[in-house]
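Okay, structure first, notes after.
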Amino acid sequence: MTTTRSIQPAPRAAVGPEDGILVIDDHPLFCEALAMTLTGALGARQVDCAASLGDALARLAAGPAPGTALLDLNLPDVEGVDGLIRLRAAAPGMTVVVVSSLSDARVVEAALRAGAAGFIPKDTPREALVGAMRAIWAGQVWAPGEAAEARAAEAADPGRDEALARMAELTPQQLRILGLVCEGKLNKQIAYDLGIAETTVKAHISAILRKLKVQSRTQAVLIAQKARFDAILRQDAGPD
């Protein structure tokens, strides 16, 4: 059974169950069960569900952001913690908690360093989940138990941490453009996909390179790849 414990306080605005919650998960039954726990045990007034990151971002763009979002990292349109970075960029004041079955210590550490207010494994017992959310709303960061936390500290990659910090400085539009650059698309194709002028794309890419402190698109792609699961899980894995 997974145990949890709170760690260092997080410098963020105080929120609670009364400020609204968005659950982002593509498994309807899990969303429903989590919503019942949040309303029944924690008194949440409003719990909405989104089946993808794109759906969640559209909801945030259409109206006021809820106080808290619970994000699954394993979504159809998410690869690694870049989804967490994009969500935080879209709603900087929102508390984002990762609730995921991907509880490898290296993924936990990457999510916390990317700005998650906590990381709760999906197999966490109901009582422990309730306690974790209360601790997070009290201003603490929540992570899996001591053994996983120690393993995560050993697996920390300074290069990856710096990459995550740089990506966190990008705007939502810049993150979208960086994602398309990672797909190998040219400026003209990006402009068509996003419905903007090619000169605007060029300006955004210049800003992306500046914020990431790189000189080329290739280097920017390498920075973005450090936020993906395969790169995170390769850390300390050694040669094949």
Side-chain angles (χ1 to χ4, degrees), residues 2-17 19-25 30 34 38 50 52-53 56-57 60 65-75 77-124 128-146 148-149 151-153 155-157 160-170 172 175 224 226-229 231-233 235:
T2 302
T3 58
T4 53
R5 64 189 288 266
S6 56
I7 55 178
Q8 75 276 8
R12 59 178 184 272
V15 296
D19 297 307
I21 301 171
L22 177 62
V23 178
I24 310 168
D25 193 291
F30 180 79
L34 188 54
L38 294 169
S52 68
L53 181 67
L57 294 176
L60 294 175
T68 304
L70 274 58
L71 172 69
D72 183 5
L73 295 180
N74 192 16
L75 295 169
D77 56 348
V78 169
E79 186 175 4
V81 296
D82 60 325
L84 169 61
I85 294 172
R86 290 166 61 193
L87 188 64
R88 293 189 67 241
M94 185 172 62
T95 294
V96 181
V97 181
V98 172
V99 181
S100 179
S101 59
L102 295 166
S103 55
D104 183 282
R106 291 160 291 190
V107 175
V108 174
E109 179 70 7
L112 295 179
R113 289 181 179 273
F119 193 111
I120 305 175
K122 279 190 173 181
D123 61 359
T124 299
L129 186 146
V130 169
M133 291 305 303
R134 285 175 175 160
I136 289 168
W137 284 325
Q140 296 175 318
V141 174
W142 195 269
E146 294 183 11
E149 188 176 328
R151 176 63 184 84
D157 175 4
R160 184 190 67 226
D161 297 341
E162 185 177 357
L164 295 176
R166 292 179 189 178
M167 286 185 63
E169 296 180 4
L170 302 180
L175 287 165
K226 284 183 174 288
R228 295 179 175 175
F229 288 134
I232 292 170
L233 295 176
Q235 177 66 23

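Only a predicted model underlies this, so the values are computations on that prediction, with no experimental measurement involved. All residue numbers refer to positions in the sequence shown, counting from 1.
Closest of all the heavy-atom pairs between L60 and A90 is CD1-CB, 4.2 Å. The minimum heavy-atom distance linking L112 with A143 is given by the pair CD1-CB, 3.9 Å. Scanning both residues, S100 and F119, for their nearest heavy atoms gives CB-CZ, 4.1 Å. Considering all non-hydrogen atoms of both residues, M94 and P66 come closest at CG-O, 3.3 Å. For A56 against I24, the heavy-atom pair with the smallest separation is CB-CD1, 3.5 Å. Nearest heavy atoms, A128 versus T124: CB-CG2, 3.5 Å.
The shortest side-chain heavy-atom distance between D82 and L175 does not fall under the 4.5 Å cut-off.
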How far apart are the C-alpha atoms of I120 and M133, what are their side-chain angles, what is the distance that settles it, and do they pass the side-chain contact (heavy atoms from CB on, under 4.5 Å) test? CA-CA 9 Å; I120 305 175; M133 291 305 303; 3.9 Å; yes
Could you walk me through whether L87 and L53 satisfy the side-chain contact (heavy atoms from CB on, under 4.5 Å) test, starting with their C-alpha distance in whole Å, then the side-chain angles of each, then the deciding distance to 0.1 Å, before giving a yes or no? CA-CA 8 Å; L87 188 64; L53 181 67; 4.3 Å; yes
As a quick check of understanding, evaluate side-chain contact (heavy atoms from CB on, under 4.5 Å) for V81 and R113, giving each step before the final call. CA-CA 10 Å; V81 296; R113 289 181 179 273; over 6 Å; no
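Residues satisfying the side-chain contact (heavy atoms from CB on, under 4.5 Å) criterion with D25, sequence neighbours excluded, are V23, H27, F30, C31, D72, K122.
Put simply, the side chain of R88 gets close to the backbone of A114: a donor and an acceptor are under 3.5 Å apart.
Atom CD of Q140 is separated from atom CZ of R134 by 13.0 Å, given to the nearest 0.5 angstrom.
In this structure, a donor-acceptor pair under 3.5 Å is absent between the side chains of W137 and T95.
The side-chain contact (heavy atoms from CB on, under 4.5 Å) test with L70 is passed by exactly one of V96, L129, L38, V98: L38.
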